[in-house]
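In what follows, residues are counted from 1 in the order of the sequence shown.
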Amino acid sequence: MDTQQKLSLLRAHLPGEEAQDALLLSLLEDAAALICALTWRKEVPKELENAQVRLAVIFFNRMGMEGEAAHQEGDVRRSVSDLPEALRKEIFAFRRACT
């Protein structure tokens, strides 16, 4: 999947959002960097390209919460984990042996 396809897929996951392409491309790059760091690879494996887009969606939705693990306003409380367990397992399945 090329960059434009990933960008289109990311936009489809963010209905009603009018985010700039530069921001979305940056989020895709950040997601790719995290996947590469977690798998000890230089490129995102083809099998993890959809995971890259889902991770970029998570990054987008967490904008403004940088550094917070939990946030409360009145009776509404939300907390986040660093990386959802299902996504972590999917990414770690492609981890290379450390050399």
Check: F60 and L23 side chains under 4.5 Å, non-hydrogen atoms
yes

In Å and rounded to the nearest 0.5 Å, what is the CD to CZ distance from E85 to F92?
9.0 Å

So do L9 and Q5 actually touch side chain to side chain, heavy atoms under 4.5 Å?
no

Quick check for you: to the nearest 0.5 Å, what is the distance between I35 atom CD1 and D30 atom CG?
11.0 Å

With a 3.5 Å distance limit and no angle check, can you tell me whether R11 reaches the backbone of E18 through a side-chain donor-acceptor pair?
no

If you draw a 6.0 Å radius around CD in E43, do more than 12 non-hydrogen atoms from other residues or ligands fall strictly inside?
no

Please confirm whether the backbone N or O of F94 pairs with a side-chain atom of R41, one donor and one acceptor, at under 3.5 Å?
yes

Nearest heavy-atom neighbours spanning Q52 and A32:
NE2-CB, 3.4 Å

Side-chain donor/acceptor of S26 to backbone N/O of A22, under 3.5 Å
no

State whether the side chain of E49 and the backbone N or O of M1 hold a donor-acceptor pair below 3.5 Å, judged by distance alone.
yes

Here the pair of heavy atoms bringing L14 nearest to L24 is CD1-CD2, 3.8 Å

Are the side chains of R96 and T39 in touch, meaning some heavy atoms are under 4.5 Å apart?
no

Return the minimal non-hydrogen interatomic distance between M63 and L27, and the atom names on each side.
SD-CD1, 4.4 Å

A12 to P15 - nearest heavy-atom pair and separation:
O-CD, 3.8 Å

Side-chain donor/acceptor of E90 to backbone N/O of A51, under 3.5 Å
no

Search all heavy atoms of W40 against all heavy atoms of A97 and return the closest pair with its distance.
CE3-C, 4.5 Å

Without swapping roles, check the side chain of R95 against the backbone of L38 for a donor-acceptor pair under 3.5 Å.
yes

How about L28 and L55: do any of their side-chain heavy atoms sit closer than 4.5 Å?
no

Hey, could you give me the CG/OG1 distance between D21 and T3, rounded to the nearest 0.5 Å?
11.5 Å

What heavy-atom pair brings A31 and A56 nearest, and what distance separates the two atoms?
CB-N, 4.0 Å

